[in-house]
Student: 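Pasting a structure below so you can have a look.
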Amino acid sequence: MTVTILGLGLIGGSIALSLKENKFADLVIGVDSNVDHILTALDLKIVDKILRLSDAVTQADIIILAIPVDMLSTMLPHVLNMISENQVVIDVGSTKKIIIDKIRNHPKRQNFIATHPMAGTEFSGPKAAIPNLFDFKNCVLCDVEDSKPALVEIIENMYTNGLKMKVMYLESSSHDIHTAYISHISHICSFALASTVLAKEENENNIFNLASSGFESTVRLAKSNPETWIPIFRQNQQNIIDVMDEYINTLQEYRNLMLTGDYEVLKKMLWQANQIKYVLD
């Protein structure tokens, strides 16, 4: 199996390492517009070789687009134009409906499978790539009924055996709503808290001297690359705003209970929130 990966950052690089380590891919070809990424990926043996896009696509069984979601709108149709009937193209982005709508009427639509491996870290670039990033995590495949069944089977095998993930299926609109709740809101709230504390820290230098692991875990996602997240926020804007409104309403309710001194009700709400441990354990 020959796999071409376009985009050699955290996700693309980690996929390459895992596919080789788990012996799913015999050859991994890399494509990236960033020269530093190319040199690092070769030096760290993340990919076996680097080729121009046209050559990399021609030689691959599977083409993986691990690029920012705003680039997919132009790159995905371009790649689909280049492939044969037996090749399969996937993306690994965090938004789905806009991308799928873009190629809905493309003659090679059935050769595309929209996927979202639900794993990552706050770091970016090929140096952040790690081989076991995806182990036992979930991967979402969207709108698979619009793809060739034989190609869907290949990608299911890649995720379950090549990346050791659990595969689940969603309609693209549902995917975007769910990711707004469990991923996108976490990132934007982490950015917001970091901005708030940094603004305060200008006058109170002791804040970071007092910061503990609780604060660090809460703002960890604010270390993520804004170049990655701004396109996600833009593409999934309405769903994220809806979730933000609900979150703001909950914060306001907490605030009002504190202002009125109704800590018994607040405690009941905190106990309700505490039940999340049974979902995540």
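All values derive from a computational prediction rather than experimental measurement.
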Student: Any salt bridge between Asp48 and Lys20, counting N to O under 4.0 Å?
Tutor: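 Salt bridge between Asp48 and Lys20, a charged N being under 4.0 Å from a carboxylate O: yes.
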Student: Which heavy atom in Ile64 sits nearest to a heavy atom in Ile15, and how many Å separate them?
Tutor: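 Where Ile64 meets Ile15 most closely, the heavy atoms are CD1-CG2, 3.8 Å.
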Student: Run Phe123 and Ile130 through side chain to side chain contact (heavy atoms under 4.5 Å, CB included) and show every step you take.
Tutor: CA-CA 11 Å; Phe123 304 110; Ile130 51 177; over 6 Å; no
Student: Between Asn34 and His37, is there a donor-acceptor pair closer than 3.5 Å when you use the side chain of the first and the backbone of the second?
Tutor: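 Indeed, once roles are kept as given, a pair shorter than 3.5 Å links the two residues.
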Student: So Leu72 and Ile67, do their side chains get closer than 4.5 Å, heavy atoms only?
Tutor: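 Result yes, sub-4.5 Å side-chain heavy-atom pair found.
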Student: Check whether the side chains of Glu145 and Tyr169 place a donor and an acceptor atom closer than 3.5 Å, and report yes or no.
Tutor: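 Side chains of Glu145 and Tyr169: no pair found under 3.5 Å.
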Student: Check whether any side-chain heavy atom of Met158 lies under 4.5 Å from a side-chain heavy atom of Ile154, and answer yes or no.
Tutor: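 Side-chain contact under 4.5 Å: no.
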Student: Restricting to non-hydrogen atoms, name the atom on Phe134 and the atom on Ile11 that form the minimum distance, rounded to 0.1 Å.
Tutor: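 Closest heavy-atom pair between Phe134 and Ile11: CZ-O, 4.0 Å.
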Student: Please report the closest heavy-atom contact between Val92 and Pro117, naming both atoms and the distance.
Tutor: CB-CD, 3.7 Å
Student: So with a 6.0 Å cut-off around NZ of Lys148, is the heavy-atom count from everything else above 12?
Tutor: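 Atom NZ in Lys148 is crowded, with more than 12 foreign heavy atoms closer than 6.0 Å.
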Student: Considering all heavy atoms of both residues, which atom of Glu21 and which atom of Asn132 are nearest to each other, and what is their separation?
Tutor: OE2-OD1, 3.3 Å
Student: Carefully, step by step, assess Tyr254 and Leu266 under the rule side chain to side chain contact (heavy atoms under 4.5 Å, CB included).
Tutor: CA-CA 7 Å; Tyr254 281 16; Leu266 179 58; 3.9 Å; yes
Student: Considering residues at least two apart in sequence or located in another chain, which fulfil the ring pair (Phe, Tyr, Trp, His ring centres under 6.0 Å) criterion with Phe24?
Tutor: none
Student: Which pair of heavy atoms, one from Gly93 and one from Val69, lies closest together, and at what distance?
Tutor: CA-CG1, 4.0 Å
Student: My understanding is that only one of Ile177, Asp176, Asp143 makes a side chain to side chain contact (heavy atoms under 4.5 Å, CB included) with Lys97; could you say which?
Tutor: Asp176
Student: Run the side-chain hydrogen bond (donor to acceptor under 3.5 Å, both in side chains) check on Asp242 and Gln238 step by step: do they pass?
Tutor: CA-CA 6 Å; Asp242 289 345; Gln238 191 54 57; 3.0 Å; yes
Student: Side chains of Thr2 and Leu27: does their closest heavy-atom pair fall under 4.5 Å?
Tutor: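 Heavy-atom side-chain distance check passes, below 4.5 Å.
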Student: Please evaluate residues Ile100 and Cys142 with respect to the criterion side chain to side chain contact (heavy atoms under 4.5 Å, CB included), reporting the C-alpha separation (whole Å), side-chain torsions for both, the decisive distance (0.1 Å), and the verdict.
Tutor: CA-CA 9 Å; Ile100 289 176; Cys142 291; 4.3 Å; yes
Student: Determine whether His187 and Ile232 satisfy the following criterion, side chain to side chain contact (heavy atoms under 4.5 Å, CB included), listing intermediate values before the conclusion.
Tutor: CA-CA 11 Å; His187 281 81; Ile232 293 171; over 6 Å; no
Student: Count the heavy atoms belonging to other residues, nucleotides or ligands that lie under 6.0 Å from CE of Met269, then report whether that count exceeds 12.
Tutor: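 Correct, the count exceeds 12.
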Student: If you count the non-hydrogen atoms of other residues, nucleotides and ligands that lie under 6.0 Å from CD in Glu246, is the total more than 12?
Tutor: yes
Student: Could you work out, with side chain to side chain contact (heavy atoms under 4.5 Å, CB included) as the rule, every residue matching Gln275, not counting sequence neighbours?
Tutor: Tyr278
Student: Evaluate whether atom CD of Glu264 has more than 12 neighbouring non-hydrogen atoms of other residues, nucleotides or ligands under 6.0 angstrom away.
Tutor: no
Student: Of all the heavy-atom pairs spanning Ser94 and His175, show the shortest one and how long it is.
Tutor: O-CE1, 3.3 Å
Student: Have a look at Leu65 and tell me which of Thr115, Leu76, Ile99 forms a side chain to side chain contact (heavy atoms under 4.5 Å, CB included) with it.
Tutor: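 Running side chain to side chain contact (heavy atoms under 4.5 Å, CB included) over Thr115, Leu76, Ile99 with Leu65 returns exactly one hit, Leu76.
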Student: Test of understanding: with side chain to side chain contact (heavy atoms under 4.5 Å, CB included), list the residues that count as partners of Asn22, not counting sequence neighbours.
Tutor: Ser18, Lys164
Student: I need the Lys49 NZ to Ile29 CD1 distance, nearest 0.5 Å.
Tutor: 5.0 Å
Student: Is there side-chain contact between Gln110 and Leu151, with heavy atoms separated by less than 4.5 Å?
Tutor: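 Result no, sub-4.5 Å side-chain heavy-atom pair not found.
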Student: Are more than 12 heavy atoms, taken from residues, nucleotides or ligands other than Arg220, located less than 6.0 Å from that residue's CZ atom?
Tutor: yes
